[in-house]
Amino acid sequence: MPNPSSRISGITPHGKDGWEVHFAAMTRKQAGEDIMMLSVGDHDFDTPAQTVEACVTAVRQGRHHYTQLAGLPRLRAAMAAISEQATGLLTRPDEVIATPGGQLALFAAAQATLDPGDHAIMIAPYYATYPGTFRAAGAEFTVVEARAEDGFEPRAEAIEAAIRDNTRTLLINTPNNPTGAVYSPDTLEAIAAVCRRHDLWLISDEVYWTLPGSKKHVSPRALPGMAERTLVVNSMSKSHGMTGWRIGWLTAPADLVARLVSLNLVTTYGLNDFVSRAAIEALENAYGVDEIAERYATRRKAFLDATRGFNDVTVRGSQGGMYVMLDISAVDFDCEQFAWRLLETEKVAVMPGLSFGEAARSHVRISLCQSEDVLREAAERLRRFVASYGERRRSA
Ligand SMILES: Cc1ncc(COP(=O)(O)O)c(C=O)c1O
């Protein structure tokens, strides 16, 4: 075949993609092995029944047609209303563009703010698609580490030190995947000050905004001078239990949104009609939102209670979102080896921290997408594994 473009070939570099343990575990589970899957961030429950019914009704009503490129007007209005709640700032429908999932909103945000050769900054540990999303825009990027001892909140000085002449965009994520860190107002103020000082765009990934744990979600968009430079990524995947429906949105200055409509023209050509109708109902009625938030809060507490007093394993971040990060450096510096052995010995699948960047090298990520009973049992297996692993290493 002729040569593919370097753009498409360069999105994910060759070799490992960080999902090896997860896919090996999944294959074994599908073959009948009793494996606890704590590796992936997808709910173990279905979409709320009211949302499903709304979709079925829409299909029956003949909602099978093209929709406006930026989203149905009522969908944009419903999304704007949620953005107003999430960011605390008056939001008009023309400041919102609907996308198939938060991932497309991230892609659009990178395309909207970066030219090829521009430089961006992101914080590690990071959500696994971030590097590829910047590469797809032809941008270079620097990864700034948030430290475990800071609860994985980034330091504004470290971000500022990474700025170059061609830096245009900073990407942050709170509540965070994979760390569960929920950034404090002080951290966000300091980040916003850096963006204002250096005239940067800020992409704020807030797809877990309904899961802030015992903290309050704060959006940097609401801080002084930030609405004009902030693009907020949102999604119904986590908040409304709709991962497979692929629906999310970007909130940004109206001028930028108007330009972004052309990206929808050449990529998605608008959203699925009946999914849009179901999403409108789910957004307007907050179907499932409180229940899902409560469920994850209860699960987080159950898992953290069960790991309390673990020798050699320390919880870091883990205040909100759908994940818990465990520092395993006292047991093993090689998180991949740890994850493989945990799978072999105790049949528990977790994500090695390295999948989320160097900053998480000595950690593993636990997904809370399982019942409390499963999480308690997984904690027990982890305790047993760590005790015998430590023993073996000491006697080796
Ligand atoms: C931090 C973060 N951002 C964005 C997304 C994309 O979500 P979706 O495309 O399902 O809306 C995810 C999904 O796991 C995520 O964890």
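Numbers here simply count residues along the sequence, with the first being 1. Everything quoted here is computed from the prediction, not taken from an experiment. First listed ligand is number 1; within each ligand, the first listed atom is number 1.
Protein heavy atom nearest atom 9 (O) of ligand 1, with residue, atom name and distance: R246 NH2, 2.7 Å. Counting protein heavy atoms only, atom 2 (C) of ligand 1 is closest to D205 OD2, 3.4 Å. For atom 6 (C) of ligand 1, the closest heavy atom belonging to the protein is Q103 N, 3.8 Å. Among protein heavy atoms, the minimum distance from atom 14 (O) of ligand 1 is reached at K238 NZ, 2.9 Å. Of the protein's heavy atoms, S237 OG, 2.7 Å lies nearest to atom 10 (O) of ligand 1.
Numbered from 1 in the order shown, with element, the atoms of ligand 1 that lie under 4.0 Å from a heavy atom of G102 read 8 (P), 9 (O), 11 (O). Set against the non-hydrogen atoms of S235, the atoms of ligand 1 under 4.0 Å away are 8 (P), 11 (O). Taking every non-hydrogen atom of N173 and a distance limit under 4.0 Å, the qualifying atoms of ligand 1 come out as 1 (C).
Within the set Y130, Y127, Y126, Y323, the minimum heavy-atom distance to atom 13 (C) of ligand 1 is found for Y127.
A salt bridge links E377 to R381: at least one charged side-chain nitrogen sits closer than 4.0 Å to a carboxylate oxygen. Between R259 and D255 no salt bridge is recorded (no basic side-chain N to carboxylate O distance below 4.0 Å). Between E344 and R341 there is no salt bridge, since no side-chain N of the basic residue sits under 4.0 Å from a carboxylate O of the acidic one.
D150 contributes no side-chain N or O that, together with a main-chain N or O of F152, makes up a donor-acceptor pair within less than 3.5 Å.
Ring centroids of H65 and F274 are separated by 6.0 Å or more, keeping the two rings apart.
Remark: distances from the non-hydrogen atoms of M322 to ligand 1 are all 4.0 Å or more.
In terms of polar-atom proximity, T243 is not counted as a contact of ligand 1, lacking any N or O under 3.5 Å from an N or O of the ligand. Geometrically, ligand 1 and G101 share no nitrogen or oxygen pair separated by less than 3.5 Å.
Heavy atoms of M236 found under 4.0 angstrom from ligand 1: none, in either backbone or side chain.
In this structure, M226 CE and L188 CG are separated by 9.0 Å, a value rounded to the nearest 0.5 Å.
Remark: R376 fails to qualify as a cation-pi partner of F303 under the 6.0 Å distance and 45° angle criteria applied to the six-membered ring.
Within 6.0 Å of CZ on R74 lie no more than 12 heavy atoms contributed by other residues, nucleotides or ligands.
The side-chain contact (heavy atoms from CB on, under 4.5 Å) test with V207 singles out one residue from S235, S237, S239, P175, and that residue is S235.
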